[in-house]
Amino acid sequence: MRILLTEDDPQLGRATQIGLEQNGYAVDWVTSAEQAHTAVRLHDYGCILLDLGLPGQDGMAALEVLRTRGYQGAILIVTARDHVAGRIAGLDGGADDFIAKPFDLDELAARIRSSSRRAAGRVREQLVHGELLLDIAERQVTQAGRAVALTVKEFRILQMLVEQSGRILSREQLEKNLYSWGEEVESNAIQVHIHHLRKKLGRGLIRTVHAIGYCCDKPLSAAAA
């Protein structure tokens with residue numbers, strides 16, 4: 001999942017970006033509401049971390065604009081304004097959750113997962129695909145009960161393909177949800193990750209669609225249903 005982080009404090013913004021990237025997220029960081037609106041027009045984000053104390057247009061006004069313009073992903077308010085009235089106003093205004101500064105990075109990651117899961121209509125932090133079980137919170141995979149060790153990026157690619165099983169995802173679609181602005185991306189990076197996934201999980205799981213992309217076909221039972 002690609003995340004948009006709005007934070008005008010350079011030290012906190014950079015620390016948050018690095019921490020979330022270490023958790024496997026692609027994180028684009030902006031410092032104003034104006035930059036956030038531009039980013040949302042140009043990219044697809046699964047979650048926006050919205051600071052209320054932004055320069056220019058404040059976070060509550062930005063929240064209203066985002067929802068009015070049709071943004072359907074999760075919005076998590078991150079702010080130093082830790083008072084009940086502010087939380088109520090944010091939640092009533094269209095935010096999915098609220099976390100106060102200073103925050104624990106593990107708690108922030110858990111709230112991102114929870115908010116994004118609700119926005120996507122999922123009930124649990126697990127995905128099942130045939131003999132595969134993906135535990136999203138723990139970033140663990142088992143196949144027929146056997147634990148399979150994956151890198152962070154391998155797990156995120158597998159998660160994207162399983163979440164959208166039956167749909168072909170292009171290399172560009174996978175890259176934009178895997179890498180942040182400015183990250184160096186080798187031209188064959190996705191191909192290499194797919195190769196490693198096939199070695200670990202079997203060649204039949206991920207199908208290459210020539211000149212288009214990659215696909216996890218739906219399990220036979222699900223396809224029949």
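For the pair Phe98/Ile77, a side-chain contact is recorded, criterion being any heavy-atom separation below 4.5 Å from C-beta on. Side-chain contact check for Arg139 versus Asn23: some heavy-atom pair is nearer than 4.5 Å. By the 4.5 Å heavy-atom criterion applied to side chains, Gln159 and Arg156 are counted as neighbours. Between Ile75 and Leu63 there is a side-chain heavy-atom pair separated by less than 4.5 Å. Between Leu54 and Asp51, some side-chain heavy-atom pair lies under the 4.5 Å cut-off. Contact annotation: the side chain of Leu150 approaches that of Leu158 to within less than 4.5 Å [non-hydrogen atoms, C-beta and beyond]. Within the 4.5 Å cutoff, side-chain heavy atoms of Ser165 are placed close to those of His129. Side-chain contact between Val65 and His37: present, with at least one pair of heavy atoms (C-beta onward) separated by less than 4.5 Å.
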Check the pair Lys176 / Glu172 against salt bridge (charged side-chain N to carboxylate O under 4.0 Å, His left out), numbers first and verdict last. CA-CA 6 Å; Lys176 76 177 184 179; Glu172 291 75 17; over 6 Å; no
Set out, in order, the CA-CA distance, both residues' side-chain angles and the distance that settles side chain to side chain contact (heavy atoms under 4.5 Å, CB included) for Asp58 and Leu52, then state yes or no. CA-CA 6 Å; Asp58 71 13; Leu52 291 188; over 6 Å; no
After noting the C-alpha distance and the side-chain angles of Glu175 and Arg171, does the key distance pass the side chain to side chain contact (heavy atoms under 4.5 Å, CB included) rule? CA-CA 6 Å; Glu175 283 181 348; Arg171 188 191 73 183; 3.6 Å; yes
What do the steps show when you test Leu201 against Val148 for side chain to side chain contact (heavy atoms under 4.5 Å, CB included), and what is the final call? CA-CA 8 Å; Leu201 298 170; Val148 181; 3.8 Å; yes
Determine whether Asn177 and Leu169 satisfy the following criterion, side chain to side chain contact (heavy atoms under 4.5 Å, CB included), listing intermediate values before the conclusion. CA-CA 11 Å; Asn177 284 288; Leu169 299 182; over 6 Å; no
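Tyr45 and Ile3 get closest at one heavy-atom pair: CD2-C, 3.6 Å. Nearest heavy atoms, Ile168 versus Gln173: O-OE1, 3.8 Å. Between Thr16 and Phe103, the shortest heavy-atom contact is OG1-CZ, 3.6 Å. In this structure, Asp96 and Ala74 approach most closely via the heavy-atom pair OD2-CA, 3.2 Å. Considering all non-hydrogen atoms of both residues, Gln22 and Val152 come closest at O-CG2, 4.4 Å. Summarising the geometry of Thr151 relative to Lys200, their closest heavy-atom pair is N-NZ, 4.3 Å, with the distance given to 0.1 Å.
Between Arg14 and Asp8, no side-chain nitrogen of the basic residue sits less than 4.0 Å from a carboxylate oxygen of the acidic one, so the salt-bridge criterion is not met. Using a 4.0 Å cut-off between charged side-chain N and carboxylate O, Asp9 and Lys101 make no salt bridge. With respect to Asp44 and Arg2, no salt bridge is recorded, no charged nitrogen being found less than 4.0 Å from a carboxylate O. With salt bridges taken as basic N to acidic carboxylate O contacts below 4.0 Å, one links Arg111 and Glu107.
Tyr25 and Leu105 fall within a single hydrophobic cluster, where Ile, Leu, Val, Met, Phe, Trp and Tyr are joined by side-chain heavy atoms under 4.5 Å apart, directly or via other members. Put simply, Leu178 and Leu127 are part of the same group of oily side chains (I, L, V, M, F, W, Y) that touch within less than 4.5 Å, one to the next. One hydrophobic cluster, built from ILVMFWY side chains closer than 4.5 Å, holds both Ile99 and Leu12. Residue Ile157 is grouped with residue Tyr179 when hydrophobic side chains (ILVMFWY) are merged at heavy-atom distances under 4.5 angstrom, including chains of intermediate members. Side-chain heavy atoms closer than 4.5 Å link hydrophobic residues (I, L, V, M, F, W, Y) into clusters, and following such links, possibly through other members, connects Met160 to Leu132.
The distance from the OG1 atom of Thr6 to the CD atom of Gln35 is 10.0 Å, given to the nearest 0.5 Å. Distance check: Glu7 CD to Leu49 CG gives 10.0 Å after rounding to the nearest 0.5 Å. Here the CG-CG distance, from Leu4 to Leu50, works out to 9.0 Å after rounding to the nearest 0.5 Å. Between atom CD1 of residue Ile48 and atom CG of residue Leu76 there is a gap of 11.0 Å, rounded to the nearest 0.5 Å. Atom NE2 of His196 is separated from atom NZ of Lys199 by 6.0 Å, given to the nearest 0.5 angstrom. The CG atom of Leu205 lies 9.0 Å from the CD1 atom of Ile194; values are rounded to the nearest 0.5 Å.
Remark: Arg67 CZ is packed, more than 12 non-hydrogen atoms of other residues, nucleotides or ligands lying under 6.0 Å away. For Gln164, the CD atom sits in a packed shell: over 12 heavy atoms of surrounding residues, nucleotides or ligands are nearer than 6.0 Å. With a 6.0 Å radius and a threshold of 12 heavy atoms from other residues, nucleotides or ligands, Glu186 has its CD atom at or below the threshold.
A donor-acceptor contact closer than 3.5 angstrom links the side chains of Arg198 and Thr208.
In terms of modelled atom types and a separation under 3.5 Å, the side chain of Gln17 and the main chain of Val27 share a donor-acceptor contact.
For Arg41 and Tyr71, the positive end is not near the middle of the six-membered ring at less than 6.0 Å and at most 45° from its axis.
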